[in-house]
Amino acid sequence: MAFLEINNIKKSYYLGKEEFPVLKGITLDFELGEFVSILGESGGGKSTLMNIIGGLDREFQGEVKVNGEKLDHRNEKELDKYRRETVGYIYQSYNLISHLTVLDNVLISLDMTNLSKSERESRAKHLLEQVGLSAHIHKYPNQLSGGQKQRVAIARALANDPKIIIADEPTGALDSQNTEEVLKILNGIANEGRLVITVTHSQEVASTGTRIVHLIDGKIGDEQRIRPASSQSMTADQMQSRKLPLAVSFKMALKHLKFNFWRNSLIAFGTAIGLFAVILFSGLGNGISGYISKQVTAMANPQVVSVSRYSKTTSQGPENGAQNSRPGGTSTTNETKTITESQLEEIKQLKNVTSVERSYTASSVTIKANNQKEISALTFTNWTKAITKESLVAGHAPKKGEIVINKTEVAKRISKKNWKDVIGKKIRFSYVTTNKAKQPVTVAADVVISGIVESSNSNMASNYINTATLTHALKQANVATDKTSSVAVKINDLDQVNQVTKQINRIRNQSDKRVFKATSVSSLINTIKTYINLASTVLAAIAGISLIVSALMIIVTMYMSVSARTKEIGILRALGESKRDIRRLFISESLIIGLASAVIGTLVAYGSGAVLNIALSSLAAFSFVQISWINVITVFAIALIISLIAAVLPARHAASVNPIDALSAE
Ligand SMILES: Nc1ncnc2c1ncn2[C@@H]1O[C@H](COP(=O)(O)OP(=O)(O)OP(=O)(O)O)[C@@H](O)[C@H]1O
């Protein structure tokens, strides 16, 4: 039984409906140790026959039997394995992969074997030494002569220790000296006990083999035995083939990206711009919301809810004490509803409420320091838990008999330059209001300045007097202290603030009317944060549009890469790589570009964030750009998803290329 049998092979090409028969029933037997030359005129179907024998062509009639077993050419995976294990190719045009070194070109085949890394490398070096190329293993194909290239191709064809070597015009592009050397090597290969089948036009080449087969008009003409086949049998197979591991596809992708380093770096940079913008805008959003909540919580305690009476007409309820209301709950201009003791109790009973303080507001207040002019038209409120210590720029919160004054409104007017020195000074405040008998009275007291606040909100009362001191002065003037329009409600847990605020707002009286209007700073912060989030999301979305451009860029690059590398795809398929391996190769390339651009985008965003923070530090001692881990992870995820999506179509296209057409690509 012959090692390779081909029986009644028929193959036609079709142009439209017109049939062009090329092979018209070819039957041949081949033995191991033979060096068979197939001679025939140009266009006679020699390459077509080689593609069928080599397992590249699946569209034919007839059968190919290897070692007595029929090759199922309908089964693509079986053919991949056959090419990987049994066949080695040598072409007229060498078909080396230009971006891989000589050594790497030989290693591609070996990557599909079960040899260890060091075994693969030493075998590749050994094969290159056998063909006399030891000194050239780190060169790229374009740095070699034609004869050297063909010897690399021979070393590569032998790498996986195949039983069959198919050589399609192996000396067609070589001068006589190189031709002689290559023929010697091929004869040596046959003598080792392999089957060498070569296609040639040259009678000289043909006559160096063991047998010549003439192909005439799509059929076998005469056959000529020149000498007997080598009787040497091949040593038992040391190697077994394996599917190409993912890591190898990844490494090959890296090598190709390295080969076209600048072009690929530009693409990665282009993609990185969009990612950078997304990450920076998100970081800016984080920073600004952080800044605003810091500012707001510095102004007022977020754990305190300000409660006033609910009124439909004045739905803009007073915060932190009504501006237009007078202490004692009486008002000269407007009938503002006051909070009674029992209503205050009702709030006190609510869960999570730790204390309720009345908020007294005094307007048109006059103060006088020793030997100084009067300062008038001021607004005072009592110091409640709603006011934070952070709002103090100097001194401490007012204890009994003390007051905290506003920096610009009062302190600087008392002492322009040394405004901090006013702390400890005694002042007298006074204002006119109505007493319980609705008579105008003056409320006055001597107080010591304990601290200074800087209010950034001019609408807010910005001088704070100790509560006990104020109520004492009110009582002395016979002004009611149990009816105010506003109270400060302290809640024990920041997380409960919104819940309690809602609860207070839901309280209804006997006639089912809403009683209170509660506002908390945390709800204000939340509202502001929502707006900032919205703004930064819109900005990030705009940046996202540039990501679409990036994705298109990767798609175009990948498509260009596929068409520029059609031949490489053909070579890899001929070496036994499957469609899946080709797909993985291109997807890996795209993923690496995506990953690189995410790294670049993140680094540039961190860098420019730091620069922005320094530039903005004159505005406030705060980092306005705060890039979080979530931002970084999101951007990496976006980059990987984009590059994956961008690679899918080109990679599928690459995998679907017919290997024969790919090999004949220019
Ligand atoms: N994909 C194809 N579609 C249509 N016709 C084809 C195709 N490939 C080859 N042919 C035709 O089939 C015939 C045989 O081609 P093949 O390449 O096998 O010849 P060959 O004997 O190897 O020629 P040469 O010695 O010039 O390389 C030629 O006439 C060629 O034009």
Side-chain angles (χ1 to χ4, degrees), residues 4 6-28 30 35-64 71 73 76 79 83 87-95 146 149-150 153 157 164-174 179 182-183 186 195-209 211-224 563 566-567 569-571 573-574 653-666:
L4 177 71
I6 53 174
N7 294 325
N8 201 19
I9 300 282
K10 290 178 183 164
K11 163 96 185 176
S12 296
Y13 288 109
Y14 292 87
L15 278 182
K17 281 188 180 152
E18 207 177 338
E19 185 181 352
F20 292 92
V22 178
L23 302 177
K24 299 171 183 168
I26 307 249
T27 300
L28 279 171
F30 303 90
F35 179 171
V36 183
S37 302
I38 297 180
L39 265 176
E41 62 196 26
S42 178
K46 302 182 295 292
S47 301
T48 305
L49 182 62
M50 289 300 110
N51 287 335
I52 292 171
I53 294 175
L56 278 170
D57 197 342
R58 298 164 54 205
E59 307 293 322
F60 63 93
Q61 288 173 327
E63 61 173 18
V64 177
L71 201 62
H73 55 264
E76 196 156 19
L79 283 191
R83 291 196 304 274
V87 189
Y89 284 91
I90 301 165
Y91 306 87
Q92 179 177 1
S93 55
Y94 327 120
N95 284 349
K149 283 185 204 172
Q150 196 58 300
I164 305 170
I165 293 283
I166 291 175
D168 196 346
E169 305 259 13
T171 56
L174 301 179
T179 300
V182 167
L183 288 178
L186 290 178
L195 165 62
V196 177
I197 308 173
T198 177
V199 158
T200 182
H201 285 115
S202 152
Q203 187 66 47
E204 183 206 336
V205 171
S207 48
T208 54
R211 181 160 60 123
I212 300 174
V213 175
H214 287 270
L215 196 62
I216 302 163
D217 197 21
K219 290 188 174 149
I220 301 296
D222 55 334
E223 282 191 54
Q224 219 179 317
S563 54
T566 312
K567 188 145 205 162
I569 296 168
I571 298 167
R573 291 301 308 276
H653 173 63
S656 67
V657 176
N658 176 341
I660 301 170
D661 296 342
L663 278 168
S664 60
E666 287 310 315

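We're numbering straight along the sequence, starting at 1. As the structure lists them, so they are numbered: ligands from 1, and atoms in each ligand from 1.
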Checklist entry - Has the side chain of Thr198 got a donor or acceptor atom that lies under 3.5 Å from a matching backbone atom of Ser37? => result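 Side chain of Thr198 to backbone of Ser37, a donor-acceptor pair under 3.5 Å: no, none is there.
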Item to check | Gln150 side chain to Pro170 backbone, donor-acceptor under 3.5 Å | outcome: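 Yes: the side chain of Gln150 pairs with the backbone of Pro170.
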Checklist entry - What about Asp661: any of its N or O atoms under 3.5 Å from an N or O on ligand 1? => result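 In this structure, Asp661 places no N or O atom under 3.5 Å from an N or O of ligand 1.
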Which of these, [options], has its nearest heavy atom closest to [atom]?
atom                    : options                     : value
atom 15 (O) of ligand 1 : Val199, Thr48, Leu49, Asn51 : Thr48
atom 20 (P) of ligand 1 : Lys46, His201, Lys11        : Lys46
atom 27 (O) of ligand 1 : Ser47, Ser12, Gly45         : Ser47

Next on the checklist: If I take atom OG1 from residue Thr200 and atom NZ from residue Lys46, how far apart are they, to the nearest 0.5 angstrom?
Outcome noted: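 Answer rounded to 0.5 Å: 8.5 Å.
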Next on the checklist: I need the Leu56 CG to Asn51 CG distance, nearest 0.5 Å.
Outcome noted: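 Rounded to the nearest 0.5 Å, the CG-CG separation comes to 5.0 Å.
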Checklist entry - Does atom 30 (C) of ligand 1 have any protein heavy atom closer than 4.0 Å? => result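 No, no protein heavy atom sits under 4.0 Å from atom 30 (C) of ligand 1.
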Next on the checklist: Please work out, at 4.0 Å between heavy atoms, whether the side chain, the backbone, both, or neither of Glu41 comes within that distance of ligand 1.
Outcome noted: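 The answer is the backbone of Glu41.
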Starting from [atom], find the nearest protein heavy-atom neighbour and note its residue, name and distance.
atom                    : result
atom 26 (O) of ligand 1 : Ser42 OG, 2.7 Å
atom 5 (N) of ligand 1  : Tyr13 CG, 3.4 Å
atom 13 (C) of ligand 1 : Gly43 O, 3.6 Å

Checklist entry - Is it true that atom CD of Glu204 has more than 12 heavy atoms of other residues, nucleotides or ligands lying nearer than 6.0 Å? => result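 At most 12 heavy atoms, drawn from other residues, nucleotides or ligands, come within 6.0 Å of this atom.
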Checklist entry - Is it true that atom CD of Glu76 has more than 12 heavy atoms of other residues, nucleotides or ligands lying nearer than 6.0 Å? => result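 Yes, CD of Glu76 has more than 12 neighbouring heavy atoms, counting only those of other groups under 6.0 Å.
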Checklist entry - Sequence neighbours excluded, which residues qualify as side chain to side chain donor-acceptor pair (under 3.5 Å) partners of Thr179? => result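 Expected list: none.
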Next on the checklist: Taking only non-hydrogen atoms of Gly40, do any sit less than 4.0 angstrom from ligand 1?
Outcome noted: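 Contact check Gly40 vs ligand 1: negative.
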